> 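Just dropping this structure here.
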There are 4 protein chains.
Amino acid sequence: MPLRKLPDEARRSERARRAILTAARDLTLDQGYARLTIEGIAAAAGVGKQTIYRWWPSKGAIVFDAFLALSQDAAGNLELPDTGDIEADLRTVLRETILELLDPRHDAAFRALASEIQTDRKLADNLVQALLGPQMEATKRRLQSAQRAGQLARSLDLQLATELFYGPIFHRWLLRTAPLDPTLADALVPLVLRALRPKSAKSPPDPRERDGTR
Amino acid sequence: MPLRKLPDEARRSERARRAILTAARDLTLDQGYARLTIEGIAAAAGVGKQTIYRWWPSKGAIVFDAFLALSQDAAGNLELPDTGDIEADLRTVLRETILELLDPRHDAAFRALASEIQTDRKLADNLVQALLGPQMEATKRRLQSAQRAGQLARSLDLQLATELFYGPIFHRWLLRTAPLDPTLADALVPLVLRALRPKSAKSPPDPRERDGTR
Amino acid sequence: MPLRKLPDEARRSERARRAILTAARDLTLDQGYARLTIEGIAAAAGVGKQTIYRWWPSKGAIVFDAFLALSQDAAGNLELPDTGDIEADLRTVLRETILELLDPRHDAAFRALASEIQTDRKLADNLVQALLGPQMEATKRRLQSAQRAGQLARSLDLQLATELFYGPIFHRWLLRTAPLDPTLADALVPLVLRALRPKSAKSPPDPRERDGTR
Amino acid sequence: MPLRKLPDEARRSERARRAILTAARDLTLDQGYARLTIEGIAAAAGVGKQTIYRWWPSKGAIVFDAFLALSQDAAGNLELPDTGDIEADLRTVLRETILELLDPRHDAAFRALASEIQTDRKLADNLVQALLGPQMEATKRRLQSAQRAGQLARSLDLQLATELFYGPIFHRWLLRTAPLDPTLADALVPLVLRALRPKSAKSPPDPRERDGTR
DNA sequence: CGATAATCGAGACGGTACGTCAGGTCTTGGC
DNA sequence: GCCAAGACCTGACGTACCGTCTCGATTATCG
């Protein structure tokens, strides 16, 4: 579901579309989103400016499409691993998320989008719908599965629970209050899980809390 | 510690400085940061552009200074309330934080800054140092006080604990994954506190958990 | 042969070109070349600055084009009158030249150009090629015709002879060593012609010298 | 008679004055008058801008003063050589004049002044009064001396006669209609003198015209 | 199959803002 | 008390891009 205007897509030049997205991605990566210009993209893509304006409403929308490809399969039918060990599974996923944010290719693009959505509501909706939402939904599903397995409290607000995992990560990354690195996942997951476990004193699901180590 | 270039500050015109910051704030509020221009500020402030360029390196830096005044007393010797009830105190503070983010005056400015720091590292450092840092430090101090009162686990990573509170709030606000409203604080605080309490099952310090849950 | 940069002239907007030249001429005439600005021209012409910079390299080049129209027909296939009376013909032409220099419309423009060519070699070449050169060439042709009629010495350096006529006029006009007025032509022409006549003492071609002086 | 404003010159700093004129001359010579700025002069002279504005009304006036020194002795009590041979004397002087115009040091300054006087009437008057006038007056005196010796016609308009010599030279130099070089003097002087000699058929003063060769 | 209409590249156009330069005036602090 | 230093407001510079708008020259269905 790329950000496209409506007109008859049949006539659209696939060559041009690809050239534009490729140029947008390359230019963003090697000079940063701030220096990215429509004219620059057009020139690099060997395309008229009008061709860009015909199909995309804004610079942000192009970048969105340009980088969507990188994560798009993930976005489609995303599912978290389910080994039965909720802590391990979350750690795996969050480490991956962090590594993705640290990868310069994604870093540039995601920061650009994070920046743009402060202004562009439509883009924000698209970003949530295509990337952030699916990821969070998948996480919720995994939490729900753990919940059904009695590992998490029954009364959990899954949305909020999910944000407990992603919030601190994006907080560091977006606001730069502290350096982000994958070990954050290792500290974060067990800590948050303490809040999510069933309230019963016996708390059998968590092996560690019971006997101290594991 | 505003963002300034080199020239002799002794000769600086206080009149011009104030006019610029006022104009920048007013313009940001009624047309948004995206439409804010240096020329517009200069015109509105009755000031030459050069006077702006002489003292500020970027549009973001001006807005930073312009809005710093709004929160700057808070930033200086910020301290969280300490009624002995950590949950109530945190709820109070986080509600205030959320309300501030929802206040259009701050919303415009903070989004602008959040957007700019994705690109401008220097500005990011200043933002953390002048606003975000002090707020988080104060929060850490309050958590530490609760820790000393035996209400929180002794082994806590206070930095991470703090991020557990602020992360989800900023996550919603910046990434727009869900609407932000003050009731988030009410759900968030008790949930996170479950993760932070001492590991002893009886957890006597928290009156609510003792007789409320079990 | 106006002064143009490289871009594809086929796409050039005739409307814009005309508006620019008209604005340049009008502004020069009513505020003087010194106060003329590119921005002023663009504004008066209802044109983007870039459109000016796209087609002209300098303010001088615009004024050159703007005023070329005034004299351009003359420049094309200029020919001096040839009544057979070289003295009368030159007097006619030089009076006209002087009157043109005194006409405020031309005065402003020509002084501007005279000023600019001290710095701008390219403009100087264009000025000579389009205006001064043709005028002098036509004068040379008329002198040559008189030469063939035996009214002037056979061995004349026509270039130098021509400069004998124009030099003193421009000297007064440019350096302001003395006020310029059309009667200068009446004194100048017969005096210079004395230098140009055939060396034979009897000098029959000049009716006046024959029966007037002696 | 340099171009100064009126205020009490007693307080004037001679050091500053000299530094300013020297800086103006140096800067003009090595970057051209067009790039010369008041700020540049002030900086190079180690002087406040106000000190310049206090004593000179315009950039042209500074350059005028700065270069006046070069020719000022000449301007004061200028006298042409008088060997009795008017042709030789004029040739000598005009060659010198041409060489001076070709000397880069003077070329830069004189072109600057020639350019400025198109706009600045006051400067024009000063230039004529201090440099061009004296030179022409001296030339007139020499012509008058030749006249008294019977070498030139009695009825001559000396002003016009003088312009016959200088006009062509400055015409080439200012309007760049032809390259200027010292041999111009050799061709110019005898030709113009033909126009100035007494009208008597015997014309004894000119040896050459009489016997054909010399 | 050839017409015919939308799309394509190219880039000129009217604009807005940029960041810089210099002008001429005004203020300050040190000598 | 003068003067270097330089901040100030002003105005113009020349450049970069914006988003819109022609231009032919391909396409690529559809009559």
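A, B, ... follow the sequence lines: proteins, then strands. Residue 1 opens every chain. This one's a predicted model, so the numbers in the text were calculated from it and none came from an experiment.
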> Counting side-chain heavy atoms from CB outward, which of F:dA7, E:dG9, F:dT15 is closest to B:Arg11?
F:dA7
> What's the closest nucleotide to the side chain of C:Lys49 if the choices are F:dT15, E:dG11, E:dG14?
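For the C:Lys49 side chain, the nearest candidate turns out to be F:dT15.
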> What are the two closest non-hydrogen atoms of B:Ala114 and B:Leu174, and how far apart are they?
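Minimum heavy-atom separation between B:Ala114 and B:Leu174: CB-CD2, 3.5 Å.
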> Measure CD1/D:Ile52 against P/E:dT25 and give the value in whole Å, please.
13 Å
> Does a side-chain N or O of C:Ser13 approach OP1 or OP2 of E:dA12 to a distance below 4.0 Å, or not?
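So the side chain of C:Ser13 is outside the cut-off, no N or O lying under 4.0 Å from OP1 or OP2 of E:dA12.
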> If you find the nucleotide of DNA chain E closest to C:Gly48 and the one closest to B:Lys59, which residue's nucleotide is nearer the 5' end?
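Nearest nucleotide further toward 5': that of C:Gly48.
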> For the residue pair D:Gln118 / C:Tyr33, report whether a side-chain donor-acceptor contact shorter than 3.5 Å exists.
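C:Tyr33 vs D:Gln118: no donor-acceptor pair found between side chains.
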> Return the nearest nucleotide to the side chain of A:Arg15; candidates are E:dG14, F:dC8, E:dG9.
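Among E:dG14, F:dC8, E:dG9, the one nearest the side chain of A:Arg15 is E:dG9.
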> So which heavy atom on A:Ile62 is nearest to which on A:Ala24, and how close?
CG2-CB, 3.6 Å
> Rounding to a whole Å, what distance do you find between C:Tyr53:OH and F:dC17:P?
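Going from OH in C:Tyr53 over to P in F:dC17 covers 17 Å.
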> How long is the line joining CZ of A:Arg54 and P of E:dA5, in whole Å?
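After rounding, the gap between these two atoms is 17 Å.
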> Could you list the residues that satisfy side-chain hydrogen bond (donor to acceptor under 3.5 Å, both in side chains) with D:Thr28, not counting sequence neighbours?
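Listed in chain order: nothing, the list is empty.
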> In whole Å, what is the span from the CZ atom of C:Arg12 to the C1' atom of F:dC21?
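One finds 18 Å between C1' of F:dC21 and CZ of C:Arg12, rounded.
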> May I ask you to evaluate whether D:Thr51 reaches the phosphate of F:dC2, defined as a side-chain N or O under 4.0 Å from OP1 or OP2?
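No, outside the criterion.
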> Can you sort out the partners of B:Lys49 under side-chain hydrogen bond (donor to acceptor under 3.5 Å, both in side chains), two or more places apart, ordered by chain and number?
B:Glu39
> Is the Lys NZ or Arg CZ of A:Arg17 less than 6.0 Å from the centre of A:Trp55's six-membered ring, within 45° of the axis?
no
> Round to a whole Å and report the spacing from CD of D:Gln50 to C1' of F:dC3.
10 Å
> What is the distance from CH2 of C:Trp55 to P of E:dA12, rounded to the nearest Å?
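Checked: the CH2 to P distance equals 6 Å.
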> Please work out which residues in residues 26-44 of chain A have a non-hydrogen atom less than 4.0 Å from an atom of DNA chain F and list them by number.
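By residue number: A:Thr37, A:Ile38, A:Glu39.
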> Where do A:Ile117 and B:Arg176 come nearest, in terms of heavy atoms and distance?
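Closest approach of A:Ile117 to B:Arg176, heavy atoms only: O-NE, 3.1 Å.
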> Please report, rounded to the nearest Å, how far the C1' atom of E:dA12 is from the CH2 atom of C:Trp56.
13 Å
> Whole Å only: how far is the CD1 atom of D:Ile20 from the C1' atom of F:dA4?
11 Å
